[in-house]
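Below: the structure, in structure tokens.
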Amino acid sequence: MVGEKKRHKLFQIQDFVFEKFLLLFALLFVLILVGLFLVLFKESLYTFKEIGFLKFIFGTQWDPDEDMYGALPHIYGTVVTTVIAILIAAPLGFGIAIFLSELCPKNLKTVIGTLVEILAAIPSIIYGIWGLYVLVPLMSAYVEPLLHKTFGHIPILNELFSGQMFGTDYFTAGVVLAFMITPFIASVTRDALNIVPPILKESAYGLGATQSEVIVKVMFPYAKLAILGSVILALGRALGETMAVTFVIGNFPNITVHLFDPGTTITSTIANEFGEADSQLEYSALIALAFLLLVVDFVVLWIAKKVFLKKAQKYNI
Amino acid sequence: MLKRLALAGLLGASFTFAVEVNGAGSSAIAPLIQSWANEYSSITGVQVNYQAVGSGAGIRMVSQRMVDFGATDAPLKPSQLKRKNLMQFPIAAFGAVFAYNIPGVDNLKLSTRAVCGIFSGRIRYWDDPTIKADNPNAHLPHLPILVVVRADKSGTTYTVTSYLVKACDGQLRFHKLSKKPYWGIPNLVAGKGNAGVAAIVQKKYGTLGYVEYTYAVKGNLEVAELQNRDGNFVKPSLKGFQSALKYADWGPENGFYANLTYQPGPDTWPIVGATWALLPKERKERDKVVTAFFNWGYTFGDKMAEKLYYAPLPENVKEKVRAMWVDYFYNY
């Protein structure tokens, strides 16, 4: 009996140590995140003091030669390229997922599925080089003139689809980003569709629903949560993507509605200028940009989680 | 002679106590330093590590004494050297060239007037009378000139703006040397890095972009002949780059601070830049090891430099640098 008690005690201690150990792991990452925030904030403080917080965020001039730094064109570029990327990647990713889970012949399924997953693992620099050497010439020679011609008569759209059309611009950057994040959306959505209980689908078919009705009205609502999750994950990646964008966006601080004009993003400006930052203020301003990106990232992910996931939860599951 | 001997003595002494040297800075000079370092470590056992983090970061790192030497494409002014207590000397030089892509045109010549016209936005088409006058036999198409510049801040841009500011005084939108100026011309496109600019020029008709000479040679790009300060049309060559160094006014008294662009001389190429090394002045013992490395590079590294399309320093400049080292180690 005594031995039993002792063993019991031992297990308790074991559990206690194990639990605290895991807690340490989790805390470590919280600490790193908080530390990152603090360091970035501390280093950007100089900019906020010299230029002024609001003046920095809403300033449209970025000219290191004159020691003038405004973040708005970079924030604008980051948001615009991300929006273009999501608008292209979400339908594309959903389409691939539906095809793979519902329509694809079995022996093709693994091949295509694996290929899509490999796409997600390609380093971004490769997308950048491919974008510069292959996509940019295609865009400036064919795609952009075609879009410009097609939408040239429709108000609003004719403003969007115009610009210098050199191929290195917001639109191309958005397209490259879209290619990068589509595999994320596709593979997560496919997995979500795969776990829809067969009984649900079969009952729908039994009631006389067509295949497209089953997919749109039964399977998608069931898997909504995971699908939104995949889009949010993709959003996070698109916001922070650096190398691929830097190669194809033209790197010119420029706020414009013309998608075929060059622009810049927060990350590409940091990549382009950090190594050659001469003045203390420029160094600090670049770190302040990084700080802003972190804040933008947080806000977007938080909104996405709060608003969309809540809504999804309300309707389902 | 005495100085030579003294130098040899201090170089010999240095090998015994340090085996590692750390440097950081300019990415333009990185291939040369790495190729020197490989050879040097196999001969002497001294390991030279170099991180190509960019000139600005190199200056910051050596100013904070995080590395044994920094390397920068834009020299520091004597006043800055004094404030940061640094010693400065050139490592090697390079030239920047204008690469172009006009269907059916090779051997393009650009006079200084034409270059200034293009970069001030006055000349917008390839068949402009000014360019036609320079190339009476070429069939220049009516194609807009698309100027390709660097998207990132870079030493190459610094060198090119230095040439433009000198050659086109008052005609440009910018008046200062800059690693990334506000160009102020309409038909402009930016590529990341030398490779990015070269890729755009290669792929697109009507482009004119500046790249380091190496990239034009490796990428097989058409390169324009330019008019130098003496008024002669010259092709880019290592000899032409070196000629600029010979005529430049630099020495220990100004910390080798010099602007190497648009120098006189009949064969001088007008767009020449260099990379300078920066050493902390209070660390004499470390500096002996670092200067020993660079002295070795000066003495035995010319062939390696030429292979990589850098212009080695002319002998008179090397002698000036060596004299400065000796002076520093024995009299400072």
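Naming convention: chains lettered A, B, ... in sequence-line order (proteins, then strands); numbering from 1 in each chain.
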| Does a donor on one side chain sit under 3.5 Å from an acceptor on the other, for A/Thr269 and A/His74? |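 Their side chains do contain a donor-acceptor pair, which is all the 3.5 Å distance test asks for.
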| field | Any donor-acceptor pair under 3.5 Å from A/Glu43 side chain to A/Ala288 backbone | value |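 The answer is no, because no donor-acceptor pair under 3.5 Å joins these two groups.
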| Best-contacting candidate, B/Val189, B/Val53, B/Ile59, B/Ile200, against chain A by heavy atom pairs under 4.5 angstrom |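 Answer, by heavy-atom pair count under 4.5 Å with chain A: B/Val189.
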| message | Quick check for you: among B/Gly25, B/Gly54, B/Ala52, which has the greatest number of heavy-atom pairs under 4.5 Å with chain A? | response |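 Of the options given, most contacts go to B/Gly54.
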| message | Report which part of B/Arg60 has an atom under 4.5 Å of a heavy atom belonging to chain A: side chain, backbone, both, or neither. | response |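 For B/Arg60, the contact with chain A is made by the side chain alone.
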| query | Which residues from residues 159-177 of chain B are near chain A, with near meaning under 4.5 Å between non-hydrogen atoms? | reply |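 Listed by number, the contacting residues are B/Lys176.
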| request: Report, by ascending residue number, the residues of residues 67-77 of chain B in heavy-atom contact with chain A at a distance under 4.5 Å; give 'none' if the set is empty. | output: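 The residues closer than 4.5 Å to chain A amount to none at all.
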| said: Shorter than 4.5 Å, heavy atoms on both sides: which option in A/Ser268, A/Ala277, A/Pro137 has the most such pairs with chain B? | reply: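 Of the candidates given, the most pairs with chain B belong to A/Ala277.
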Please work out whether the ring planes of [X] and [Y] are parallel, tilted or perpendicular, with thresholds of 30° and 60°.
X: A/Phe48; Y: A/Phe41; result: tilted
X: B/Trp183; Y: B/Tyr210; result: tilted
X: B/Phe119; Y: B/Phe98; result: tilted

Is the [X] to [Y] ring centre distance short of 6.0 Å?
X: A/Phe161; Y: A/His148; result: no
X: A/Phe179; Y: A/Trp130; result: yes
X: B/Trp126; Y: B/His142; result: no
X: A/Tyr283; Y: A/Tyr46; result: no

| task | Go through the atoms of A/Pro262 and report whether side chain, backbone, both or neither lie under 4.5 Å from a heavy atom of chain B. | result |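 Neither part; nothing is under 4.5 Å.
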| Under the salt bridge (charged side-chain N to carboxylate O under 4.0 Å, His left out) rule, what pairs show up with a residue in residues 267-276 of chain A, not counting sequence neighbours? |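 Qualifying pairs: A/Glu273-B/Lys180, A/Glu276-B/Lys179.
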| request: Using the side-chain hydrogen bond (donor to acceptor under 3.5 Å, both in side chains) rule, collect all pairs that involve residues 284-294 of chain A, keeping only residues at least two apart or in two chains. | output: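 side-chain hydrogen bond (donor to acceptor under 3.5 Å, both in side chains) check on residues 284-294 of chain A returns A/Thr47-A/Ser284.
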| query | Hey, are A/Glu144 and A/Lys149 close enough for a salt bridge, meaning a charged N less than 4.0 Å from a carboxylate O? | reply |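 Here A/Glu144 does not pair with A/Lys149 in a salt bridge, since their nearest N and O are not under 4.0 Å apart.
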